[in-house]
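I have placed the structure first, in the form of structure tokens, so that the comments after it can refer back to it.
All residue numbers refer to positions in the sequence shown, counting from 1. Since the structure is predicted, the reported quantities are computational estimates derived from the model, not experimental observations.
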Amino acid sequence: MGNSREVVVTGGGTGIGYAVAAAFAEAGDRVTITGRREQVLTEAATLLGARPVVFDAADAAAVEAALAELPDRVDVLVNNAGGNTDFVDGDGDGLAGFAAAFERNLRSNVVSAALVTHALGERLADDARIVTIGSIAARTGAGSYGAAKAAVEAWNISVAQEFGARGITANVVAPGLIGETEFFHGKLSDRRREWLIGNTMNKRPGTPEDVAAAVTFLASPAAGHVTGQVVHVNGGAHLGK
């Protein structure tokens, strides 16, 4: 893959995605970040020295339209776009509202990763790396968000199988509680935060840089025989088995 790689990070404007993009940029890679919010993405790209491409990764038409702006060759794809949409959107009451909320989490977290990976499949270089951000919620539960992140783990296995013969790896990095992100949108109580930190063995929340370190390892040439795996970054709050 050479010293300078083409890296695409979805949801790269803030939080974990930004930290991941920063790690690749600092290593001298050419980085493209994607996201839905143009101003946030443009400002982040300027700080990173990255290229911004604005689109909604969960929207097939938007992904298709963005392809012309994405690199012709991709050495590293990081599927980070997503999050628990129950924190940010309301859908009304009743079964229809419940279904809409459930489906939105699936679209935001599973469909987004699958769409972008499928769209860029033919552009992936031999020995490329695919890393998708999962969550401890896939193992500990969190309604439709936990279900979506569990589906990400199952989907990742099929991706690893599909691309493995070309030396391409596909892995999931599953964070626990990470501070300094927009994930909870101000809705995490102090008591809940203390409880989550108490569940860790090292008694601290994770940082976006903790996650980025795992991602950059999996994206490295050294990780060529690690594929189809889930790497847990949660301070021991959940033991991957």
Would a single hydrophobic cluster contain both Val211 and Val226, if residues Ile, Leu, Val, Met, Phe, Trp and Tyr are joined by side-chain heavy-atom contacts under 4.5 Å?
yes
Considering only heavy atoms from C-beta outward, does the side chain of Asp29 approach that of Val76 to under 4.5 Å?
no
Does any non-hydrogen side-chain atom of Leu77 lie less than 4.5 Å from one of Asn79?
yes
In residues 137-144, what donor-acceptor pairs under 3.5 Å come from side-chain atoms, sequence neighbours left out?
unit_1, atom_1, unit_2, atom_2, d
Arg139, NE, Glu153, OE1, 3.0
Arg139, NE, Glu153, OE2, 3.3
Arg139, NH2, Glu153, OE1, 3.0
Thr140, OG1, Ile136, O, 3.1
Ser144, OG, Asp86, OD2, 3.4
Ser144, OG, Asn105, ND2, 2.9

Does Val110 belong to the same Ile/Leu/Val/Met/Phe/Trp/Tyr cluster as Val230, with side-chain heavy atoms less than 4.5 Å apart forming each link?
yes
Indicate, with yes or no, if Phe217 and Val31 share a hydrophobic cluster defined by side-chain heavy-atom contacts under 4.5 Å among Ile, Leu, Val, Met, Phe, Trp and Tyr.
yes
Using a side-chain heavy atom cutoff under 4.5 Å and only I, L, V, M, F, W and Y, what cluster partners does Met201 have?
Leu239
Check whether any side-chain heavy atom of Thr34 lies under 4.5 Å from a side-chain heavy atom of Leu70, and answer yes or no.
yes
Sub-3.5 Å donor-acceptor pair from the side chain of Ser158 to the main-chain atoms of Trp155, do we have one?
yes
If only atom types and distance count, is the side chain of Asp56 paired as donor or acceptor with the main-chain N or O of Gly35 below 3.5 Å?
no
4.5 Å side-chain heavy-atom contact, Glu6 and Asp72
no
Report yes if some heavy atom in the side chain of Thr32 is under 4.5 Å from a heavy atom in the side chain of Val9; otherwise report no.
no
Tell me which pairs pass side chain to side chain donor-acceptor pair (under 3.5 Å) where either residue lies in residues 161-177, with sequence neighbours left out.
Asp126-Arg166
Could you check whether any side-chain heavy atom of Val152 comes within less than 4.5 Å of a side-chain heavy atom of Val172, counting everything from C-beta outward?
yes
Sorted by chain and number, sequence neighbours left out, side chain to side chain donor-acceptor pair (under 3.5 Å) with Arg36 holds for none
Is there a side-chain contact between Val78 and Thr10 in this structure, where contact means two heavy atoms from C-beta onward sitting under 4.5 Å apart?
no
Separation between CD (Glu209) and OG1 (Thr216), nearest 0.5 Å, reads 11.0 Å
Determine whether a donor-acceptor pair (N or O, by modelled atom type, separation under 3.5 Å) exists between the side chain of Asp210 and the backbone of Thr207.
yes
Which residue pairs pass the ring-ring contact (aromatic ring centres under 6.0 Å, His included) test with at least one member in residues 11-67, sequence neighbours excluded?
none
Transitive ILVMFWY side-chain link Leu218 to Ile16, under 4.5 Å
yes
To the nearest 0.5 Å, what is the distance between CD on Glu103 and CZ on Phe98?
10.0 Å
Between Ile133 and Val215, is there a side-chain heavy-atom distance shorter than 4.5 Å?
yes
Acceptor/donor pairs from residues 58-69 side chains to any protein atom, 3.5 angstrom cut, sequence neighbours excluded:
unit_1, atom_1, unit_2, atom_2, d
Asp59, OD1, Ala61, N, 3.0
Asp59, OD1, Ala62, N, 3.1

Separation between CG of Leu177 and CG of Asn199, rounded to the nearest 0.5 Å:
10.0 Å
State yes or no: do Val53 and Ile33 share one hydrophobic cluster built from I, L, V, M, F, W and Y residues joined by side-chain heavy-atom distances below 4.5 Å, directly or via other members?
no
